[in-house]
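Sharing a structure below in structure tokens format, with a few things to ask.
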Number of protein chains: 2
Amino acid sequence: MALRAEKKHTTRQALIRAAHDLFLAQGYDGVTVDRIAEVAGVSKRTFFRYFPSKLDVAFPHHEERLRHFEGLLARHLDPEDPLRGVARAVAAYVGFYQEAREDLLAEYAYVATSRELRARDADLDWQFETAITAALERVGTPPRRARILGGLVFGACRGLLFDWFSGGCRGDLHRLARELLDLLEDLARSRDPQAVGGPAAGARGPARRGRAPRTGGRDA
Amino acid sequence: MALRAEKKHTTRQALIRAAHDLFLAQGYDGVTVDRIAEVAGVSKRTFFRYFPSKLDVAFPHHEERLRHFEGLLARHLDPEDPLRGVARAVAAYVGFYQEAREDLLAEYAYVATSRELRARDADLDWQFETAITAALERVGTPPRRARILGGLVFGACRGLLFDWFSGGCRGDLHRLARELLDLLEDLARSRDPQAVGGPAAGARGPARRGRAPRTGGRDA
DNA sequence: GACAACTTGTCACCGGGTGTCAATGCCGGA
DNA sequence: TCCGGCATTGACACCCGGTGACAAGTTGTC
């Protein structure tokens, strides 16, 4: 029962490889599933037996990475200081990106070629955010707070990562992550009224400042 | 030249209405474009002359709302305190959601029925986040910092909104937004070392704590 | 009323995605 | 070694989202 499994693995790798190369050369939208299958030496029908959709072949390691991250969360989470636990897990996870720079850069290039792909990427990100939220809840953070904190932390990190990708993955991610922390502290400091001193007219009560954004697309 | 425009508007509304009702009744994936067109009394080809894709008919007011938000950002942005400006813009924008509760709730229900729809929603959200980032940059915030702050603020708000939707849009959004601010201040306060006192072993220097998360899907 | 401009429906086609079925190849047991 | 069972595959037909082309019908204008 070994030859079977090996063949499956080989075929899967061939499909991923073919898709990757073609996407890189012609962009996601410029490649048909038929073509991917042809290059990999199988039929279109077989492609869909390995991947539920064309989108999925573009993110072949997502599942595995998500699980890895969830594991790190579980391992590092600290009931005494949930956010610190999340930060530790993230710090442990970031190495992934630092090492896979070149590959990531290539992938990033073709993810940007298709709106569909970008949208799926965002959906996958949402799963990571949800993992953080779930971890926070598991350790006692009330649901709403967990959602907000998860969004906040993840949003900031996604921003950083986006910038890092956009700049060609230059610079040490760990250092950048530390900078992000500094920025958060900056923020914390500037929340203290007397640290601002701007000419703004508004009420100068204890602290309170802005409100809360949103956005989103839905309609009636 | 008035009858033409009016007819177009009528048809557009009919398509939106038909799509909305059908999505609500059968879920996004359970509805075909043919069926939407049939209910609206036109041909499938005509549907695609009004909306570039089936996805777009699910978010018919996105463009308009995004522009509205961008306008608010431009109006409220304060070079002396960029974040406060963003907060003001968001506060002004939130009324939208508060008032359209029932409609939003219905839409939320069917957005959740389809992964494609959720992904598109995330993509639209990204445009709002980018609007914030751009506004921050326009007022002098360096690019990376702007990206991170945009992601942070937007992420937190999205978390809040998600929770609000999930809970059936109960509660006053403005109050919730204020709560979000409190939470941020909480965070700021707890960044101050002596406020924690947990059993954690780590170095106790000036302040520094965690690192920085990320996640995301890409692969090799 | 006639002609131009615009809008619409029909038809044919492409690509993603799925069900069905028959053929092939792998595996285990006798 | 041969045989039967099972998994994998290819071929085919089909559905749905989306587009180009063209002909027919409307609307607006002179």
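Side chains are part of it too, since the values below use all heavy atoms of this structure and drop only hydrogens, waters and symmetry mates. Throughout, protein chains are lettered first and strands after them, A, B, ... in sequence-line order, and every chain is numbered starting at 1.
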**Message:** Could you tell me how far apart A:Q26 (CD) and C:dG15 (C1') are, to the nearest whole angstrom?
**Reply:**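 Between C1' of C:dG15 and CD of A:Q26: 15 Å.
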**Request:** Decide, yes or no, whether a salt bridge links B:R84 with B:D78 under the criterion of side-chain N to carboxylate O below 4.0 Å.
**Result:** no
**Asked** What is the distance, rounded to the nearest whole Å, between atom CZ of A:F23 and atom C1' of C:dG16?
**Response**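 From A:F23 CZ to C:dG16 C1': 12 Å.
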**Proximal nucleotide (of C:dG15, C:dC6, D:dG17) relative to the A:T32 side chain** =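 Given the options C:dG15, C:dC6, D:dG17, the side chain of A:T32 is closest to C:dG15.
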**Item:** Partners passing side chain to side chain donor-acceptor pair (under 3.5 Å) against A:R138 (at least two apart in sequence or in another chain)
**Value:**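 With neighbours one apart ignored, the set is empty.
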**Message:** Below 30° counts as parallel, above 60° as perpendicular, anything between as tilted: where do the rings of A:F96 and A:H68 land?
**Reply:** tilted
**Message:** Any side-chain N or O of A:K8 below 4.0 angstrom from OP1/OP2 of D:dT8?
**Reply:**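 Checking A:K8 against D:dT8: at least one side-chain N or O falls below 4.0 Å of OP1 or OP2.
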**Asked** Taking NZ, NE, NH1 and NH2 as the nitrogens, is one of them in B:R67 or B:E64 under 4.0 Å from a carboxylate oxygen of the other?
**Response**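 Salt bridge absent between B:R67 and B:E64.
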**Item:** Aromatic ring proximity B:F165/B:F162, centre distance under 6.0 Å
**Value:** no
**Request:** Return the set of residues passing side chain to side chain donor-acceptor pair (under 3.5 Å) with A:T46 (not counting sequence neighbours), or none when no residue passes.
**Result:**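 Once residues adjacent in sequence are excluded, the partners of A:T46 under the side chain to side chain donor-acceptor pair (under 3.5 Å) criterion are A:S43.
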**Message:** Looking at C:dT8, I'd like to know if its phosphate oxygens (OP1 or OP2) sit under 4.0 Å from a side-chain N or O belonging to B:Y50.
**Reply:** yes
**Request:** Take atom NZ of B:K54 and atom P of C:dG16, then tell me their distance rounded to the nearest Å.
**Result:** 17 Å
**Asked** Taking only N and O in the side chain of B:K7, is any of them less than 4.0 Å away from OP1 or OP2 of D:dT26?
**Response** no
**Request:** Specify the angle, to 10°, made by the local axes at the two ends of the helix from C:dG1-D:dC30 to C:dA30-D:dT1 when five pairs are taken at each end.
**Result:** 0°
**Request:** Answer with base, sugar-phosphate or nothing: what part of the nucleic acid does B:F51 contact at a heavy-atom distance below 4.0 Å?
**Result:**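 No contact at all - B:F51 keeps every heavy atom at 4.0 Å or more from the nucleic acid.
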**Asked** Within this structure, what is the CG-to-P distance between A:L22 and C:dG15, rounded to whole angstrom?
**Response**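 After rounding, the gap between these two atoms is 14 Å.
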**Message:** I need the CG-P distance between A:D56 and C:dG16, as an integer number of Å.
**Reply:**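 About 14 Å, once rounded to whole Å.
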**Asked** Whole-Å distance between C:dG17 P and A:L15 CG?
**Response**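 In whole Å, C:dG17 P and A:L15 CG are 14 Å from each other.
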Show me the side-chain donor-acceptor pairs of residues 48-55 of chain A shorter than 3.5 Å, one per line, residues at least two apart or across chains.
unit_1, atom_1, unit_2, atom_2, d
A:S53, OG, A:L55, N, 3.2
A:S53, OG, A:D56, N, 3.4
A:S53, OG, A:D56, OD2, 2.7
A:K54, NZ, A:Y28, O, 3.0
A:K54, NZ, A:V31, O, 2.7

**Request:** Keeping to residues at least two apart or across chains, list the salt bridge (charged side-chain N to carboxylate O under 4.0 Å, His left out) pairs with something in residues 13-31 of chain B.
**Result:** B:R17-B:D21
**Request:** Could you tell me whether A:E116 and A:R120 have a side-chain N and a carboxylate O separated by less than 4.0 Å?
**Result:** no
**Request:** Kindly state which residues belonging to residues 33-49 of chain B come within less than 4.0 angstrom of DNA chain D, counting heavy atoms of the residue only, listed by number.
**Result:** B:V33, B:K44, B:R45, B:F48
**Request:** Calculate the interatomic distance between A:E6 atom CD and D:dT8 atom C1'; express it in whole Å.
**Result:**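 Interatomic distance, CD of A:E6 to C1' of D:dT8: 15 Å.
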